[in-house]
Every structure is written in structure tokens, then in C-alpha cells.
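What follows is a short report on a single structure.
What you see is a predicted model, and the numbers here were worked out from it, not measured in a lab.
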Amino acid sequence: MSKTMKGSYALMESLLHENVDVIFGYPGGQIIPAFDALYDYKDRIRHILVRHEQGATHAAEGYADISGKPGVVLITSGPGATNAITGIADAMMDSRPMVVIAGQVSTSLLGTDAFQETDLVGVTQPITKWSYQIRSAQDVPWAVARAFYIAKSGRPGPVVLDFTINAQNEMMEYEPCTCDFIRSYVPVPDPDEEAVAAAAEMINNAEKPLVLVGHGVTIARAEKELLDMIEKAGLPAAWTMMGESAMPTDHPLNMGMLGMHGNIAPNRKTNECDVLIAVGMRFDNRITGDLNHYARQAKIIHFEIDPAEINKNVKSDVAVAGDVKVTLPMVTELLKQRGHKEWIDSFKPSAEEEFRTVIEADLHPDESRDITMPEVVRKVSDATGGEAVLVTDVGQNQMAAIRYFRFKRPRSVVTSGGSGTMGFGIPAAIGAKIAAPDRTVCLFCGDGGFQMTEQELGVIMQEQAGVKIIILNNSYLGMVRQWQELFYNKRYSYTPMINPDFEMIAKAYGIPSRTVNVRDELDAAVADMLKDDKPYVLVVNTEEDGMVYPMVPAGGKVTDILIGLGLRDN
């Protein structure tokens, strides 16, 4: 039976119908009716009041990554909506499900340059899966159902609903609406049994196979299916930054990270393997380097849900389209029980070289050196026993955290990969903690990224969200400084930073904090931070001139690896 209600109330009923229980938002003039309706739903829908609309989108991303559910954002028009653009674009690049609902001026004022009017649909169409303007209250249930279906189906991504204020205030007859089909939209291709058989045959005949694990494995919740495949066929596997926690760190077939700051062994072996098996990854340029010299010797198998990614950057010999949670078991069933001991053992010399030249110095630096970022990361990782959720900002802090944090559980990494958004960290960590209140959430950020969204400490204060923030403070925009040192003759143009007293900032928000300047204080400081589930800011002053190695220079071959002693061309 239908019920008569305003469009704003229909929005709340529609959100409940989609099992939404958390919204990240910020009220404003053209979305007041929706917030007024939300007042009557506060016992069923939790609203997290962010301090900036960008914070809402990044928090929704962190929530989506850890929960697997779409993150929901509720904001106003004009500057409120445009403030969300960065997070929307970030979610699109990293395939995160998100539904952004923004207020809009009345239908009668559209196109008149009314106060706080922005063509949000026009602005966001290139960076969303779908953007739609709701002009009538009667369209609300249909639009919300369609938005959630598109956001979470197939390759996930952000959807925008531009909600005119007249539609929020109009009366309508509400009936729940469910969407599970849209004509011409095929979110998941049907598996091709011939492709499955061809992939299995190619893997069975491989002498030097290598699996590349991407974010798609985590999105599909196909971690077990991945392990079943690699364990049955004895396949060494490496992961992209976004695919890190799809495999336990200590799994014997885990060969490490791929790409620009990846491990030496899997990068080198990419150009030695005879079959390259890409699972839920898109051959991003940070993974491949110069495509003209990328895995030219290998046959390529690509498991991918989005047909647009197949043959886009790297031509596949076999493309297995579909949901990897379905297609991986289909291939695994046809695989022979094998081992590739000699091939796997061949990774060890490069791994040992990296340990001698990079890792040992990173984790156990000479006492004459200041604290390094990697040693801070590893101490926090060890103290949390591989059970924590890692959130990172962007820059050297991100690379150190991704390289040296260790994991036992899936869905344990939240980071900005495709867009590389500084300021992502604090709000994303809030969203992750809201999604997993029973897990320890550790955020690593630099002094630069922290200051881009430090206002979101207000959310941590208001919600008492127990996020552990570790600021790796080197008083530089560290990653840009690294490039300036390596490629721009040490011309440090506007990368040195004079920073505020971070402890005083934390104190202003009522968050306990501590600053560490010397190595001997680090263990006690980490223990103090982790002694309870309350928020904490740990500031660690690290070496100013620290570098993140290994490094493949931009545009170089994946085997052109800097390890601090010069360019290694293999």
C-alpha cells in the first residue's frame, strides 16, 4: 500500500529500502528539506557530520572499501556539490561504490544562474557511472533504486543524484522500488567457456607463470578463490597497491608488490615470465612502465569484469570476462596440481638483493640516521599483529606504509590509487572505522596531506571515532622532493614546509597526542597509542631527506629499477 509523503521523506524511505544505515553529509540551503526529513529517521539512519564535503566523499570511500556497501553522501548545491568533485573522481578511478545526493535549485530556476546553482549533472557525467537530476518527487524511489544498482553492480563506482528542492518538497505516493535490470546495461559479462578452457590450458602449459593481483579481487570478495587457484597450480603472485590485502603477507606464493615502488623480484620477473595472469587489474602505467618494453615475451591472460579494460593498455592472448568470484573457480577446476619450485626459487636472489640494499637500511637504519618512515610503519604493524586496517594518505608515507605494513585479513587496505589524492587519509580512516568499529584503524599520513583535511578531526572528536593517526613528519612534500632530488638537480622548489604544532592541533580537538623525535621513544609511543580504542595522534619527526626505494622512473622500463645506488637496467 502506498503512502502519501514529501519527496524528501521518500528519499529516506528509499535509502532504508536499500539497507542504508550511515550517511556522510553536510547540510545547506538547497538540501534542507532532506535534512529535515532525516531528523525523523535519526534512530534508523546514522548521519556523520563532516567538516567539508570532500571529507564526506572520502569517508564514504573508506566506508565502502571496508564494508563492501555503497557509501552515501548527502550535500547541498553549488559549492557544496563542487567540493565533492575530488572524491567522486577518486571513487571512479578506484572503482568504489558511492551514491552522492546533492541539493539543487528549484526546477523553475534551472539555467537562470540562481544562487548556488551549478550544473552538477554536466560536471560529473565524465567521472561517474551515472548522473541524474530528480525534478519530480514521484521519480525519487525509481532514481534511488537505479542509483544503488548501478553503483554496486559490475565494476562499482560513484553515482550522482541532483535533487531539486521543489522535488524534495512535493507530495507523492510512495511505494518501494527495486532495480535489478536496466536495458542495455550489462554489468557482468557471461563467462565464455572457451576462454576459460584456453586460460586453463595456457596456465597448465606454463613453465614460468606469474599472477598479478588487483583491486578487483577485493571488490569481488574473491580472496579465497584466488588462493585456491594459485595454491592448486603453484603460481607465484604479486599485487598492485590496491590489491595488497587480497593475500596474506606471509603466504609462500606472495612475491610482493608490483609497480613504480614495488619489489624488485616481481618487477623483474614480469619481463621473464612466459604466462602473465592478470586478475582484476587494469594495467595502469604505474604498474607497467613503458608499454613498449612490458612483458613482451609473455602470453597474457586477463580476468576482468569491465570489457572496456580488456586490450585497452595491454593486448590479451586470452580474456576471461566476468566476475572473478565466478571465473576463477571455473579455471581452477581445469588446472593441474603443479608446483614451479625452480621458477619460484628464481625470485629469491632479487628479493635478497632488495633486502640487503633497501629493506635492511629502511627498517634497521644506522643510529646516526634520523627515524625512517618504514621503521615507524613496521613497528605499528608488528604491534597490531597484522590484524589492523591500514589507511594511507598519498606520498612517501603511502609508499612506506604499503610496502611495510603486514596483513592477515582481507579488506584491510584503504588508499587512493588511481587519483593519488592528498588529503584522502583522515576522512577515509573515519569511514573505515565507522564500517568496522571492532577493528583497529591505523592511518599513516604526511605533514602535507594531514593539513589538507585536518578539519575532519572535528568528526573524530564529535563521533569519538577511535582512529589512530600517525603523522610521518619530514617537513617536506616528500614525494615531490624525491623527484626533485632525482630528476630536477635538487632544485627543491616550494617543497620545504614550515609546519604547525600538530600536538596543539590535536589538543584543540580533544584528541590525545604525542611527538617522537628520537628512536628510543618509538616503542613506548606506539604502545601508548594502541592501549585502547580511543582516537590518537602520534607525530613522528622523520628524516627530511628520506627516499622511497626501489623506484622505477616514470616512463622507464619495469626493469629499470633505482635502488639508491644507481639505475639497474635489466
Side-chain angles (χ1 to χ4, degrees), residues 206-215 235-244 254-279 281-302 304 309-317 343-359 362 395-396 398-400 402-403 417-418 420 479-480 482-489 547-570:
E207 295 300 325
K208 298 179 178 181
L210 178 60
V211 178
L212 312 185
V213 180
H215 192 208
L235 306 174
W239 36 269
T240 69
M241 185 175 69
M242 297 295 294
E244 178 168 15
N254 187 340
M255 299 294 118
M257 183 169 74
L258 300 156
M260 179 174 280
H261 290 287
N263 295 111
I264 293 174
N267 277 339
R268 284 180 178 166
K269 294 302 177 180
T270 296
N271 277 10
E272 294 179 27
C273 66
D274 59 358
V275 176
L276 195 66
I277 307 152
V279 185
M281 54 88 72
R282 57 190 177 86
F283 291 108
D284 173 77
N285 64 298
R286 287 291 178 99
I287 297 298
T288 66
D290 182 358
L291 284 169
N292 293 318
H293 296 91
Y294 180 76
R296 306 296 287 181
Q297 79 295 337
K299 297 289 187 181
I300 308 293
I301 301 171
H302 195 178
E304 176 58 49
E309 293 296 344
I310 296 172
N311 297 324
K312 186 178 80 173
N313 295 327
V314 173
K315 188 179 186 306
S316 302
D317 293 280
W343 168 238
I344 291 170
D345 286 346
S346 73
F347 284 70
K348 292 178 182 177
S350 291
E352 291 168 355
E353 177 188 353
E354 182 176 346
F355 183 82
R356 291 192 310 270
T357 59
V358 178
I359 296 173
D362 277 350
Q396 286 184 318
Q398 178 186 35
M399 293 301 125
I402 293 292
R403 281 180 52 81
M479 188 58 81
V480 181
Q482 176 163 331
W483 282 53
Q484 289 171 335
E485 177 167 333
L486 291 174
F487 311 119
Y488 291 89
N489 295 319
M547 305 285 275
V548 180
Y549 290 120
M551 180 182 183
V552 177
K557 291 183 290 186
V558 73
T559 52
D560 290 347
I561 303 171
L562 284 166
I563 57 175
L565 301 175
L567 189 65
R568 306 297 290 260
D569 190 351
N570 295 282

Review point. Excluding sequence neighbours, so at least two apart, what forms side-chain hydrogen bond (donor to acceptor under 3.5 Å, both in side chains) with N489?
Key: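 None.
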Salt bridge (Lys or Arg N to Asp or Glu O under 4.0 Å) partners for [X], two or more places apart:
X: E354; result: R403
X: E352; result: none
X: K315; result: none

Exercise for review: Please answer whether the main-chain N or O of K208 pairs with a side-chain N or O of D274 as donor and acceptor at a distance below 3.5 Å.
Suggested key: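 A pair under 3.5 Å: yes.
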Review point. Going by heavy atoms in the side chains, are D317 and I300 under 4.5 Å from each other?
Key: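 Yes - at least one pair of side-chain heavy atoms lies under 4.5 Å apart.
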**Study point:** Side chain proximity check, M241 to Q398, heavy atoms < 4.5 angstrom
**Key:**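 Answer yes - side chains close enough.
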Check your understanding: Going through the distances and angles, do M479 and H261 end up as a side chain to side chain contact (heavy atoms under 4.5 Å, CB included)?
Key -> CA-CA 12 Å; M479 188 58 81; H261 290 287; 3.8 Å; yes
Exercise for review: Go through the structure and list residues passing ring pair (Phe, Tyr, Trp, His ring centres under 6.0 Å) with H302, not counting sequence neighbours.
Suggested key: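 Per chain and number, H302 pairs via ring pair (Phe, Tyr, Trp, His ring centres under 6.0 Å) with F283.
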Exercise for review: List for me each residue that meets ring pair (Phe, Tyr, Trp, His ring centres under 6.0 Å) alongside F487, sequence neighbours excluded, and say none if there are none.
Suggested key: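 For F487 the ring pair (Phe, Tyr, Trp, His ring centres under 6.0 Å) partners, ignoring immediate neighbours, are W483.
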Check your understanding: Any Lys/Arg nitrogen of R356 or E353 sitting under 4.0 Å from an Asp/Glu carboxylate oxygen of the other?
Key ->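 No, no charged N to carboxylate O under 4.0 Å.
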Check your understanding: Roughly how far, to the nearest 0.5 Å, is the CG atom of N267 from the CD1 atom of I287?
Key ->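 The distance works out to 8.0 Å.
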Review point. NZ/K312 to CG/D284 distance, rounded to the nearest 0.5 angstrom?
Key: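 Result: 8.5 Å between the selected atoms.
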